[in-house]
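Naming convention: chains lettered A, B, ... in sequence-line order (proteins, then strands); numbering from 1 in each chain.
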Amino acid sequence: MSAGACRVQIGVQEAPLAPEALCKSLPVAGAVVTFIGNVRDFNAAAEVAALQLEYYPGMTQRSLQAIAEEAAARWSLCAAQVVHRVGRIAAGEAIVWVGVCAAHRGDAFAACEFIMDALKTRAPFWKKEYGPAGSTWVESRASDISRAARWRLP
Amino acid sequence: MSAGACRVQIGVQEAPLAPEALCKSLPVAGAVVTFIGNVRDFNAAAEVAALQLEYYPGMTQRSLQAIAEEAAARWSLCAAQVVHRVGRIAAGEAIVWVGVCAAHRGDAFAACEFIMDALKTRAPFWKKEYGPAGSTWVESRASDISRAARWRLP
Amino acid sequence: MLRVLFFARLREQLGCEALDLKWAPEVNCVAALRAVLAQRGEPWQQALADDNLVAAVNQVVADAATPISSGDEVAFFPPVTGG
Amino acid sequence: MLRVLFFARLREQLGCEALDLKWAPEVNCVAALRAVLAQRGEPWQQALADDNLVAAVNQVVADAATPISSGDEVAFFPPVTGG
């Protein structure tokens, strides 16, 4: 299936994510893989009560669109959808939802994981954590950078 | 996290799967990966209207439990849940749902894909396809066997 | 007694989904049981000659040498195709 | 004119989220713009000296040599930490 036959949809929103509704919005396909990232209530040592997610209006959407289109070009997909939340997000709430549909599960798993790894290192979002000790910007992680590097084409 | 701290749940049922309710049954974790397998309306050349899924009562449940526990032992998971449908399933309906929760997305993606690959080659289920030309048993696929072999430990 | 089960295509080929057999000391492993069953003539002989068949003893996948004792549940079935 | 944007920790360090600068022919690439901004004294000099900062020109990630023309939107920000 060419990238043109793949439904690519991205979104950035302040409203809480509704994973059930998002799952229903996916087309029926042989294999459907979804990813939900939730705010963890701890990070490194500190207890996290909430996050503030900053983004770059315009560039963030372009970046998500480019990542989803790259996935659609690299794997045989029917759909690739990404919705990212911004603004204040409480611990336990979802930050990001990714849904990928394909005829074969290998394509769906690879594309979904690729999208998350690319998003973590390329999409302009910045997390600030709020805990009992005040607020701190989250540092980028070496493990995210090395995970993303696995997908580099020769 | 030890395997003991992971919630392992498996099910085999004739009733249609309810992915939204199943997703809600998962604990909140940093990373949640789900897989849904749907009946495709074509296989190889033939048009498929429905499947009949036969299983081995007792051994099938043991096998799913063993696969989910193996995933929980190999990766750091909070939950590993598998529900497989049996009996008659129409084209477009879900056959299998897998949900995996972990603190880190690498564990969740790997465990979910491992569970599907192991299930396809180890769990006693047999598909019979019904189409315009009658019914045929589905042959096991070499690609499933090679996908499952990727997870073999040294 | 031995409880012997057959699934999927094999069940249809044999026209049999379950069989209770009297256990005998010479039916001491999966290969021996398979040979005894094949002696029932057609369609048993041909259907059980399929190299791809899988055997399970007490709901655990077995091989030709896996021991069988009285009271065991033994199953034969084609390669699995679930998911 | 150039529209210059700052995000996240850098935005807080500078106390500035956007700046409209008059474009000049010598501000012809990302490195040149960065040098001009650093000349504003503290906290600009120190904050912009961070090697990990990322630049984007017209919403596409850029490097030091990426050309800048009048009317462009240029952004500086720390490594991303979304998802």
* Asked: With a 4.5 Å limit on heavy-atom distance, are the side chains of A:D117 and B:R105 in contact?
  -> yes

* Asked: Between B:V98, B:V28, B:N38, B:I95, which has the largest tally of heavy atom pairs under 4.5 Å with chain A?
  -> B:N38

* Asked: Quick one: of B:E93, B:M116, B:E113, who has the most non-hydrogen atom pairs under 4.5 Å with chain A?
  -> B:E113

* Structure fact -> Okay, B:C101 and chain A: the region with an atom under 4.5 Å from a heavy atom over there is neither

* To do: Pick one of side chain, backbone, both or neither for B:A31, based on which atoms fall under 4.5 Å of a heavy atom in chain A.
  => both

* Gap separating the CZ atom of B:R141 from the NE2 atom of A:H104, nearest 0.5 angstrom -> 6.0 Å

* Would you mind checking which part of A:A29 comes under 4.5 Å of any heavy atom in chain B, side chain (CB onward), backbone (N, CA, C, O), both or neither? => backbone

* To do: Look at A:G106, A:P19, A:G99, A:C23 and state which one has the largest set of heavy-atom pairs under 4.5 Å with chain B.
  => A:G106

